[in-house]
Amino acid sequence: MSKKNAYKDTLNLPKTDFPMRANLVEREPKRLASWDEENLYHKVQAKRKADGCPKFVLHDGPPFANGDVHMGTALNKLLKDFILKSRSMSGFETPYIPGWDCHGLPIEFKVVKEAKGLEPAEIRRRSEAFAREYIDIQRKSFKRLGVLGDWENPYLTLDPKYEADIIRVFATFVERGMVYQSKKPVSWSYGAQTALAEAEVDYEDKTSPAVFVRFPLLNDTFGADTSMVIWTTTPWTLPANLAIAVHERFDYVVDEFAHEDGRTLRLVITKDLIEAFGEKTGFRPVGGPHAQTVKGQAFEGMEAQHPFLDRQSKLITAPFVTAETGTGAVHIAPGHGQDDYVAGLQHGLEILSPVDDDGLYTDEVGVPELVGTHVFKANGRIIEILEEKGALLGQHPYEHKYPFCWRSKTPIIFRAVEQFFIRIDDIRNKALEEIKKTTWLPSWGQNRIAGTVEARPDWCISRQRTWGVPLPVFRTPDGGWIIDAEIARKVAEITETEGTNAWFELSDAEWAKRLDLPEGTKKGRDTLDVWIDSGSSHVAVMDRHPELHRPADVYIEATDQHRGWFQSSLMVSVATHDAAPYKTVITHGFVVDTSGKKLAKSGTGGKPMTAIHFYDKYGADNVRLWAASVDYNSEVPFSEELFEQVVDAYRRIRNTLRILLGNLHGFDPSKDTVPFEDLTLIDQWILTRLHQVTTNCRQAFDAYEFRKVYNELNQFCAVDLSSLYIDITKDRLYCDGLDSTRRKASQTAIATIMDTLCRLLAPIISFTADEAWEALGKPDSVHMERFPEADDIPASDRAVSQVQGLLEARHVIQKAIEDARQAKTIARNDEAVVTLTAPKDHVLHQLADDAPALTEFFIVSAIQLEEGEVLGAKVTASEAEKCARCWRYVDTVGASSAHPELCHRCVSALPEGFSLS
RNA sequence: GGGUCUGUAGCUCAGUUGGUUAGAGCACCGCCUUGAUAAGGCGGGGGUCACAGGUUCGAGCCCUGUCAGACCCA
């Protein structure tokens, strides 16, 4: 060892096994294994229960058992984990039963695509296998991310017991008289051959062939050969036209319209759209002597001739007619549209829908050559027919938002089919009342779900699918329907023990026999909407698990669930329990790419967006810290570059923990703790800051504002600890003697800081906090602990105001030192001799007597305080010798003959019997 | 077209009930340190707080309007 390092071994340098390099990717799985081994989740629950803690129930919204966990799914589960862990540490028992949504189109779709022509029971077996495979994949990811829960006993909507409860929920709806069967236009996907729920519909841009079509009026009130003109973007629905709707208050012009090519026709167009009509078709009003303007009401009760069928079209008035596009006269096909259907009911029109499951025309279409043609391929032929009949006045491509099937990506057609419905009006008002009683975070969520519930039509609950819970209804030999609660409950009993595959495997005759139904009765072919499945989870899970309770304290999912799970759960709960299933509903935004587009599961531009990519590369705690750092109230922009910013923050926090741990080496709290009154100013100050940080973090945890926790702790580590407190106290920690009270004072503060930081960080970076906790020598996991109480951390207002004054001066001094450094007068802070001036009433003067405190705080050689007008600092180089041990420039160096290179403090800090030789 | 939300440094965000010169982290530039070292410290550049009005002694914050983006609905 060279001479200049001769005293190095006498320093108390930080010492810890807590490594700087986290190596989370290897370290975390080991910790996870030990959590598993000690059954940490159950251990924590048991402890809270033993302590008599009240329960806090977060009811898990089941992700779909399909695909890898991507960053959006990860965010959702991590937010849940933050809530549960923080509530647990606040003194609640927090049982968590994770779940999966298993039935439904996406899985069946994949199974059916892989192998065509399978029997229903085989489709179901393969679908179940598929779901279970992804449940395992997802469970692995969620566990790897450090989410604590009862992973060995999750709820699955394919569990026969769960399925039986779904059927019982259906029975309740039947009992309340809310279920009915009807032919009704529904959003029909010919690609997936099923009716779709609204939530299963995506809107995309589509170009449709828009046509203007003439319907001759069979009434010569406005002159012979007068025609109504309609505009439609779906020419294929014209064979099902049964009426034309006008607005009763709009003005309609009846006039001769002349075309550039010489044709002249007498037409009816609403006043506001005449110009647009002229531009699109070339027909413009001539303004002749027979022109007149009438209100729409005038047409009510008239009839018009269908352009190519031997049928009349009724003229009606309807409030949904607009004067924005078209002609002010709307083509009505009650079998092909919601508005049309309602208008049809009011005017006694037939629900005509001559289209089959594949989207092909049936015999009913009335045009023999079109039978068997796909409706979207028929548009061209229909336009030709219109042209042949002289009914076509114009056509143009029209781009608009059009509904598409969410899975098969094919455009939706509205088509009337026999379906089963739940009558929403029976529970709508109660549901709205319950919405008001619920807390919605963010608060605008209340408007969103209330709006949805107010406007939603009856709930179409039947699906023409195989992978789902059977809709337990029967058809009598004479073609009637048996919709009966008692029978449904019997079906529930049977499937609970035999599985719902029994519904598909047992014959009609066997079912009739088992249920005492007349011979020849046939079971229904439909399955239930999957929103009934997940919407029944509070019945099948919350009511069934003794450790849970109703209502749940919190539901938290992405914003799309206002229309999905939050709503279906509410409807089921109001019907079965006459109350909402939740007290508070929180929503979070989607994870989107940096341009604001929703992330596809596969990622954007080939970049991986699965959670596995991130925890395998950076570790789960970095993913967790990321999730805590984002503003989940709105969309969450995401890219790997943004993610890496959080990785930097993690490193800083980890390093801070490491140096704190290193400086606690040899500290025995039971013997070495210094009372608060005896701590130095800076120690009192950092503990006061810790007190504030604890208060703020606990409030933020309670309010589910994890980003605030992140900001608070990040700031505390980076600014208060790293650049101030640790930097300042390094000298005494390293260079003071082992028994120095000042050193122990800092260690006292650091011990409290470490203890508090670990607990506050535990819900967020659960692995690292536990690792640090272990490094502190604590026997149990940090997750068994409670949060610190802010009031248990001593605080001093005086320390805050004095340090605030010191910080002001520090800024001024550092600037002066920087100038000196640039001028090469000095190289290091501690070479500086500072003359500081401050106004007479400045708080600095309270500290004038304590020179060592000042030089320590500013990390300078010497400081002289004078009165002056404003804060100011002058810097000169110290003329003192540099202590070989602590590197300070102090005038006591050389005073000792035994150690002429050392300052007074260092001489006395040397271990007993130390000698240079 | 209707409703909701968002708009503060190059990027991600803080900014308490309106109150001095709007703050952090990352990135960038310069310097110091090598006893937190695949670390740490100091300094710097960079902001018309989307825009325009209004209330007020005083507005990033409150009010009105405009623009842009997002989401839901039509």
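Order of the sequence lines fixes the chain letters, A, B, ..., with proteins taken first and strands second; residue numbering starts at 1 for each chain. In this text, all values refer to a predicted model and were calculated from it rather than measured experimentally.
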- Donor/acceptor link under 3.5 angstrom from A/Glu818 side chain onto base of B/G30: yes
- Message: Is A/Tyr734 stacked against the base of B/A36, taking the criterion as centroid distance under 5.5 angstrom and interplanar angle under 30°?
- Response: no
- Note on the structure: Winner on side-chain proximity to A/Lys824, out of B/C32, B/G25, B/G30, is B/C32
- Message: One pair to check against ring-ring contact (aromatic ring centres under 6.0 Å, His included): A/Trp685 and A/Tyr725. What are the steps and the verdict?
- Response: CA-CA 9 Å; A/Trp685 170 77; A/Tyr725 184 73; 7.5 Å; no
- Message: Taking the C1' atom in each of B/G35 and B/G44, what is the distance between them to the nearest angstrom?
- Response: 28 Å
- Rounded distance in Å between the C1' positions of B/C61 and B/U56: 13 Å
- Message: Could you report the tightest heavy-atom contact between A/Leu661 and A/Ala772, atom names first, then the distance?
- Response: CD2-O, 4.1 Å
- Task: Can you tell me the distance, in whole Å, between the CG atom of A/Leu724 and the P atom of B/G25?
- Result: 11 Å
- Can you find an N or O donor on one side and an acceptor on the other, under 3.5 Å apart, linking the side chain of A/Gln814 with the base of B/G43? no
- Would you say the side-chain atoms of A/Ser208 and A/Thr233 include a donor-acceptor pair closer than 3.5 Å? no
- Among the nucleotides B/U4, B/G41, B/C26, which one has an atom lying closest to any side-chain atom of A/Gln645? B/C26
- Query: Can A/Tyr618 and A/Glu644 be counted as having a side-chain donor-acceptor contact under 3.5 angstrom?
  - Reply: yes
- Can you check the A/Leu713 CG to B/A24 P distance for me, whole Å? 18 Å
- Minimum-distance nucleotide (side-chain atoms of A/Ile726 versus B/A36, B/A14, B/C42): B/A36
- Message: Please classify the nucleic acid contact of A/Ser722 as base, sugar-phosphate, or nothing, using heavy-atom distances under 4.0 Å.
- Response: base
- Item | Closest-nucleotide ordering on RNA chain B, the 5'-leading residue of A/Tyr710 and A/Gln822 | A/Tyr710
- Query: Stem ranges for RNA chain B, with three or more consecutive Watson-Crick or G-U pairs under 3.5 Å?
  - Reply: B:1-7 with B:67-73, B:10-13 with B:23-26, B:28-32 with B:40-44, B:50-54 with B:62-66
- Under 4.0 angstrom between A/Lys8 side-chain N/O and B/G35 OP1 or OP2: yes
- Query: Starting at CD of A/Gln804 and ending at C1' of B/U20, how long is that distance when rounded to a whole Å?
  - Reply: 13 Å
- Message: Quick one about A/Tyr7 and A/His899 (side-chain donor to acceptor, distance below 3.5 Å, no hydrogens or angles considered), yes or no?
- Response: yes
- side chain to side chain contact (heavy atoms under 4.5 Å, CB included) test vs A/Ile726 passes for just one of A/Asp720, A/Leu733, A/Ile659, A/Ile750, namely A/Ile659
- Note on the structure: side chain to side chain donor-acceptor pair (under 3.5 Å) pairs touching residues 18-27 of chain A, sequence neighbours excluded, are none
- Among the candidates B/C31, B/G35, B/G43, find the nucleotide nearest to the side-chain atoms of A/Leu11. B/G35
- Message: Can you measure A/Gln446 atom CD to B/G3 atom P for me and round it to whole angstrom units?
- Response: 18 Å
- Going by heavy atoms closer than 4.0 Å, what residues in residues 654-661 of chain A are next to RNA chain B? A/Asn655, A/Arg658, A/Ile659
- By ring-ring contact (aromatic ring centres under 6.0 Å, His included), A/Tyr889 pairs with (sequence neighbours left out) none
- Query: Near A/Gln446 CD, under 6.0 Å, is it more than 12 heavy atoms from other residues, nucleotides or ligands?
  - Reply: yes
- Task: Go through B/C26, B/U34, B/G3 for me and flag the one nearest to the A/Arg448 side chain.
- Result: B/G3
- Check whether any side-chain nitrogen or oxygen of A/Arg652 sits under 4.0 Å from OP1 or OP2 of B/A36, and answer yes or no. no
- Message: Counting the atoms with a prime plus P, OP1 and OP2 as sugar-phosphate, which does A/Lys730 contact under 4.0 Å by heavy atoms, base, sugar-phosphate, or nothing?
- Response: base
- Query: Roughly how many Å is it from CG in A/Asp720 to P in B/A24, rounded to a whole number?
  - Reply: 12 Å
- Item | Atom-pair distance (CG on A/Asp731; P on B/A36), nearest Å | 12 Å
- Is a salt bridge present between A/Lys882 and A/Glu901, judged by a nitrogen-to-oxygen distance below 4.0 Å? no
- Query: Using a cut-off of 4.0 Å on non-hydrogen atoms, how would the nucleic acid contact of A/Ala827 be classed: base, sugar-phosphate, or nothing?
  - Reply: sugar-phosphate
- For A/Thr855, the side-chain hydrogen bond (donor to acceptor under 3.5 Å, both in side chains) test, sequence neighbours excluded, returns none
- Using the P atom in both, what is the distance from B/U34 to B/G41, to the nearest Å? 15 Å
- Message: Taking B/C28 as the reference, what is the distance to B/A22 when you measure between their P atoms (whole Å, please)?
- Response: 26 Å
- Message: Please give the distance between the C1' atoms of B/G60 and B/U16 as a whole number of Å.
- Response: 14 Å
- Query: If you measure from the P atom in B/C49 to the same atom in B/A59, how many Å do you get, rounded?
  - Reply: 12 Å
- Query: Hey, can you pull the residues of residues 15-25 of chain A with a non-hydrogen atom under 4.0 angstrom from RNA chain B?
  - Reply: A/Met20, A/Arg21
- Task: Using the closest heavy atom to pick a nucleotide of RNA chain B for each, name whichever of A/Lys708 or A/Asp339 lands nearer the 5' end.
- Result: A/Lys708
- Expressed in whole Å, how much space separates the C1' atoms belonging to B/G46 and B/A52? 26 Å
- Task: Using only heavy-atom distances, determine whether the side chains of A/Asn76 and A/Glu557 contain a donor-acceptor pair under 3.5 Å.
- Result: yes
- Note on the structure: Quick note, A/Arg810 side chain, CB onward, closest among B/U4, B/G41, B/G25 is B/G41
- Can you check the A/Phe643 CZ to B/G25 P distance for me, whole Å? 21 Å
- Query: CG of A/Asp819 versus C1' of B/G43: gap in Å, rounded?
  - Reply: 9 Å
- Message: For a quick check under 3.5 Å, do A/Glu818 and A/Gln814 share a side-chain donor-acceptor pair by atom type?
- Response: no
- Query: Do the side-chain N and O atoms of A/Asp683 and A/Ser746 include a donor-acceptor pair separated by under 3.5 angstrom?
  - Reply: yes
- Message: Suppose you measure atom C1' in B/U66 against the same atom in B/G47; what distance do you get, rounded to whole Å?
- Response: 22 Å
